[in-house]
There are 2 protein chains.
Amino acid sequence: MGRRNQSVTISHVAADAGVSLQTVSRVINNEPNVRPEMKARVQASIEKLHYVPSIAAQRMSGSRSYLILVINDRERTIAEWRARRGADWVDQMLLGGMLTSAEHGYRMIFELVDTHNDHVERELSGTIAALQPDGIILTPPHSENPLITNLLDQRNIPFARIGSLTPGSGFAIHMGDAGSAAQATQHLIGLGHKRIGFIAGALDYNLSHWRVDGWRQAMAQAGLSDADLCVQGDFSYESGREAATALLNLTPAPTAIIASNDQMALATLDIANERNLLVPQDLSLISFDNTPVVRFTTPQLTAIDQPIAATFSKAVELLIHQATSPSEQPYLVPGSLVERASTAPPKA
Amino acid sequence: MGRRNQSVTISHVAADAGVSLQTVSRVINNEPNVRPEMKARVQASIEKLHYVPSIAAQRMSGSRSYLILVINDRERTIAEWRARRGADWVDQMLLGGMLTSAEHGYRMIFELVDTHNDHVERELSGTIAALQPDGIILTPPHSENPLITNLLDQRNIPFARIGSLTPGSGFAIHMGDAGSAAQATQHLIGLGHKRIGFIAGALDYNLSHWRVDGWRQAMAQAGLSDADLCVQGDFSYESGREAATALLNLTPAPTAIIASNDQMALATLDIANERNLLVPQDLSLISFDNTPVVRFTTPQLTAIDQPIAATFSKAVELLIHQATSPSEQPYLVPGSLVERASTAPPKA
DNA sequence: CTTCGGCATGCAATCGATTGAAAGTTGCTT
DNA sequence: AAGCAACTTTCAATCGATTGCATGCCGAAG
């Protein structure tokens, strides 16, 4: 409401340096054709007056907005969000993305969009109109939603897709989920396990499929059967309990289980305890995510670390530099197996 | 760079509805003096064209920016950040604040500012000039930094101070740290404990002092001595180990310990295990924060839950509604004791 | 029947930056 | 010494909204 704006503008700088606005603008944006002497004088004034350009004004005049939008799936409640994702995801996403953005003078804004909504485009479209971000980062399960990617293509806004393999438009970045699952499986096979159960994640996340695939391939490669050994979960603790129960009710029961996230692994651990199964002696356990919790369970869990912060950092850099080396697509920021105390050879 | 901007503007709406821009602007901002019939016609056009006002333009013309800035302390690395704060803080801050902001059409932007920097004002001042936020949320230890609050006062930007008791300018919101500490202490006293140790948090956070005070008062009230029983930590796991060691080396050793955050409580639990002390039989343990980890330790930890999401939600609402009921200051969003399995009567 | 106040709407200036074209400088060629 | 290109700097329009002021319309009061 007509709040008096006492901030320093480009014309104050111009006046102070005794040049026109346009020259100042050139200096700010590092454009050519400015005499070094002039440039120095302007920079001195900028420094002296602590001038910082207004992002709103820059955006208005058709330049950048220095804003990067991160699209996350909206859960109905905070509890639900955390149940499915674990706190760590947000933490790393925020810090990884934010630090890198800040380095380049950009800021990040988070937006929640409901996948199961017919108006995704409308909703996103409105956000874009309001914010006019320079780039957008899509997180699963939005990363491969054609409604969204088409919209972005059409609007010509650069975007990155986290957890995506399909090259196509936008930068696809993934963490080698299939490879990681295979690595975990091979680790268990190496220890002598033959019946290795797998708890899959929610199917609207493509990475859930990739993880299953990796496990399946590793099993096949070792000549082991995977029949009945894959049970469906949805990343929640509760679904993990059900899946673990189903797996351990099989005869013969698996001697090892890989869970598609930490929450489901924790559930599996609890089920094992309730059945008086010792981990790792009676049951080996490997999880995906490697959030801080897994270091405080008994035993500490062997897990596939997901480099989320690094992934967001990469996404931000790609967007800002508008990289264009389509040969590299999809970009890989690989996960890695962190060995702790939840795996051992099966009992003879 | 002169990217063609194909978005719908206010004049498109005006043309479609057959009225002037100003009328459309009035309708958007719910101003009086518009005939209902006219208002309906304009709203129909807005709906039809999917018009959404550009925030940059709104900000430019002296209105709101619909941006709320959250200032956090910058740690040197992500690991350091997480060590001191635990992942959950970020998660709840983001979700609590974001959901509430979104409800009112606002967005949040996070900014890291280095406390130990002489140029705090300069840095913050630049961010404000660039973003021109409608409100700012200060988190500890910035909440009571006079350099910052003075700057904000002077610029006349509404702000909230999380974890602050001092009324003064801006909205002070706290979680009743002293009361919570007292509650935890009384809980232990009720169980029969007489020697209750306390691990304090980093002293540049005021809430660290309040927690110590609460414990001290509860001890005094029960006629118990607190001599030597308070040891300094800095919220990190490592400092927790040292503090716990110091406390358990006392003779007689405390039979219960309250840690100022979960990280230090986890460290205490580890130290107890290493010394073959059973929790809770030999040592009762209560922590602050109640992050998800404490449900997965053995035993599960009794903890003071800190309603961070609710606090941020409150902060956002105060800022947006520009509430002015100074009588209520400071606002309280109280923590609560969550009883789990880490406390028991002391051995006879 | 004129006039005045209140409500509804339109005109034009404004916010702070960018940008393409115009104007002014410089220096080199012929 | 005049002509012209290349480089610097300035002028003026523009982005999309808000806002104070002017204007038009209405009915009620004088």
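As rounded to whole Å, 11 Å separates atom C1' of C:dT9 from atom CZ of B:R41. As a whole-Å value, the separation of B:Q58 CD from D:dT19 C1' is 14 Å. Atom CZ of B:R59 is separated from atom C1' of C:dA17 by 14 Å (rounded to the nearest Å). Here the C1' atom of nucleotide D:dG16 and the CD atom of A:Q132 are 9 Å apart, to the nearest Å. Rounded to whole Å, atom P of C:dA17 lies 11 Å from atom CG of A:N29. The distance from atom NE2 of B:H12 to atom C1' of D:dA17 is 13 Å, rounded to the nearest whole Å. Counting to the nearest Å, the P atom of D:dC25 and the CD atom of B:E37 are 16 Å from each other. Note: CE (A:M60) to C1' (C:dT14) measures 11 Å, nearest angstrom.
Judged as a ring-ring contact (aromatic ring centres under 6.0 Å, His included), and not counting sequence neighbours, A:H119 has no contacts. Applying the ring-ring contact (aromatic ring centres under 6.0 Å, His included) test to B:Y106 and every residue at least two apart in sequence or in another chain returns B:Y66. Residues passing the salt bridge (charged side-chain N to carboxylate O under 4.0 Å, His left out) test with B:E121: none are found, sequence neighbours excluded. Residues forming a ring-ring contact (aromatic ring centres under 6.0 Å, His included) with B:H50 (at least two apart in sequence, or on another chain): none. The side chain to side chain contact (heavy atoms under 4.5 Å, CB included) test applied to B:D153 returns B:F159, B:S169, not counting sequence neighbours.
Here the side chains of A:D91 and B:D91 are not in contact, with every heavy-atom distance at 4.5 Å or above.
Place B:S61 and B:P36 on DNA chain C by their nearest nucleotides, and B:P36 ends up nearer the 5' end. Each of B:K39 and A:I28 was assigned the nucleotide of DNA chain C with the nearest heavy atom; the assignment lying further toward the 5' end belongs to B:K39. Along DNA chain D, the nucleotide nearest B:E31 and the nucleotide nearest B:A57 are compared for position; the residue whose nucleotide lies closer to the 5' end is B:A57.
For D:dA17, the OP1/OP2 oxygens have no side-chain nitrogen or oxygen of B:S25 closer than 4.0 Å. Taking side-chain N and O atoms only, B:Y66 has no distance below 4.0 Å to OP1 or OP2 of D:dA17.
For residues 160-170 of chain B, no pair satisfies salt bridge (Lys or Arg N to Asp or Glu O under 4.0 Å), with sequence neighbours left out.
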Solution key, residues 31-38 of chain A side-chain donor-acceptor pairs under 3.5 Å, sequence neighbours excluded:
none

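Note on B:R74 versus B:E111: no salt bridge recorded, every NZ/NE/NH1/NH2 to OD/OE distance being 4.0 Å or above.
End-to-end axis angle of the helix from C:dC1-D:dG30 to C:dT30-D:dA1, from C1' rotation axes over five pairs per end: 70° (rounded to 10 degrees).
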Please write out the pairs of protein N or O atoms and N or O atoms of nucleotides 9-11 of chain D separated by less than 3.5 Å, giving the distance to one decimal.
residue : atom : partner : partner atom : Å
D:dT9   : OP1  : A:R35   : NE           : 3.0
D:dT9   : OP1  : A:R35   : NH2          : 2.8
D:dT9   : OP2  : A:R35   : N            : 3.3
D:dT10  : OP2  : A:S20   : N            : 3.0
D:dT10  : OP2  : A:S20   : OG           : 2.8
D:dT10  : OP2  : A:T23   : OG1          : 2.9
D:dT10  : O4   : A:R26   : NH2          : 3.3

